[in-house]
Amino acid sequence: MDYTRCCGRRGGPRAAVHQEAVLCPGGGEVQGQQYTKKQCYVRALEIDPQNSNAWFNLGTQGGGEVQGQQYTKKQCYVRALEIDPRNSNAWHILGTLGGVEVQGQQY
């Protein structure tokens with residue numbers, strides 16, 4: 001599979017995140033190991049904690065544990081927005097959850 005199509009370059013942490021996401025977009029098997037969707041998102045965040053989309057997607061799965069810290073779904077969406085304030089999907093979901101404080105501003 002050519003990963004340069006999805007990430008624009010080879011190598012580096014982002015390429016690894018995209019590679020895993022491509023291999024198990026809805027969960028699946030990678031190198032003989034079975035992963036759920038949630039496990040894929042957590043693994044992506046272990047590789048690149050600044051991946052706004054992985055934080056958003058983890059929120060869609062109800063949140064989870066990343067590097068020993070538990071995050072609620074709302075906290076995942078907030079984390080996605082702290083990384084990328086233009087993540088319109090995270091803003092939309094937070095609106096449906098009743099709003100929240102992001103970087104000191106109440107929404």
Side-chain angles (χ1 to χ4, degrees):
M1 181 174 285
D2 181 7
Y3 299 108
T4 58
R5 263 189 357 182
C6 69
C7 61
R9 64 189 166 95
R10 289 193 186 276
R14 290 219 181 264
V17 169
H18 287 289
Q19 182 175 356
E20 286 203 42
V22 168
L23 291 174
C24 56
E29 186 176 309
V30 177
Q31 297 179 346
Q33 173 71 38
Q34 194 70 28
Y35 293 91
T36 64
K37 285 197 299 190
K38 187 179 215 174
Q39 289 170 322
C40 289
Y41 303 139
V42 168
R43 180 69 182 120
L45 290 167
E46 289 170 351
I47 295 167
D48 180 8
Q50 297 300 307
N51 186 323
S52 177
N53 291 326
W55 281 110
F56 174 82
N57 289 333
L58 185 58
T60 67
Q61 298 300 301
E65 186 176 322
V66 177
Q67 297 178 342
Q69 185 172 341
Q70 190 66 33
Y71 293 87
T72 65
K73 66 181 175 182
K74 206 170 197 180
Q75 289 171 320
C76 290
Y77 298 131
V78 170
R79 187 72 187 110
L81 289 170
E82 289 171 344
I83 295 165
D84 179 10
R86 296 182 49 85
N87 186 325
S88 62
N89 291 322
W91 282 113
H92 172 78
I93 296 293
L94 280 174
T96 66
L97 294 174
V100 72
E101 185 176 307
V102 177
Q103 295 181 336
Q105 175 82 25
Q106 187 65 37
Y107 293 95

A.B. asks: Identify the heavy atoms of Ala54 and Ala44 that sit nearest to each other, and give their distance.
C.D. replies: CB-CB, 4.1 Å
A.B. asks: List in chain and number order the residues that pass side chain to side chain donor-acceptor pair (under 3.5 Å) with Thr72, two or more places apart in sequence or in another chain; answer none if no residue qualifies.
C.D. replies: Gln75
A.B. asks: Are Lys74 and Leu94 packed together at the side-chain level, in the sense that at least one heavy-atom pair is separated by less than 4.5 angstrom?
C.D. replies: yes
A.B. asks: Provide the full list of side chain to side chain donor-acceptor pair (under 3.5 Å) pairs with a residue in residues 85-107, sequence neighbours left out, each pair given once.
C.D. replies: Ser52-Asn87
A.B. asks: If you look only at pairs with a residue in residues 67-88, which of them pass as a ring-ring contact (aromatic ring centres under 6.0 Å, His included), with sequence neighbours excluded?
C.D. replies: Trp55-Tyr71, Phe56-Tyr77
A.B. asks: Run the numbers on Leu81 and Val100 for side chain to side chain contact (heavy atoms under 4.5 Å, CB included), then give the verdict.
C.D. replies: CA-CA 11 Å; Leu81 289 170; Val100 72; 5.8 Å; no
A.B. asks: Can you see which heavy atom on Gln67 is nearest to which on Pro49, and at what distance?
C.D. replies: NE2-CG, 4.3 Å
A.B. asks: Taking side chain to side chain donor-acceptor pair (under 3.5 Å) as the test, write out the residues that go with Glu65, two or more places apart.
C.D. replies: none
A.B. asks: When rounded to the nearest 0.5 angstrom, what distance separates CD1 in Ile93 from NZ in Lys73?
C.D. replies: 8.5 Å
A.B. asks: Identify, with sequence neighbours excluded, every residue that meets salt bridge (Lys or Arg N to Asp or Glu O under 4.0 Å) alongside Glu46.
C.D. replies: Arg43
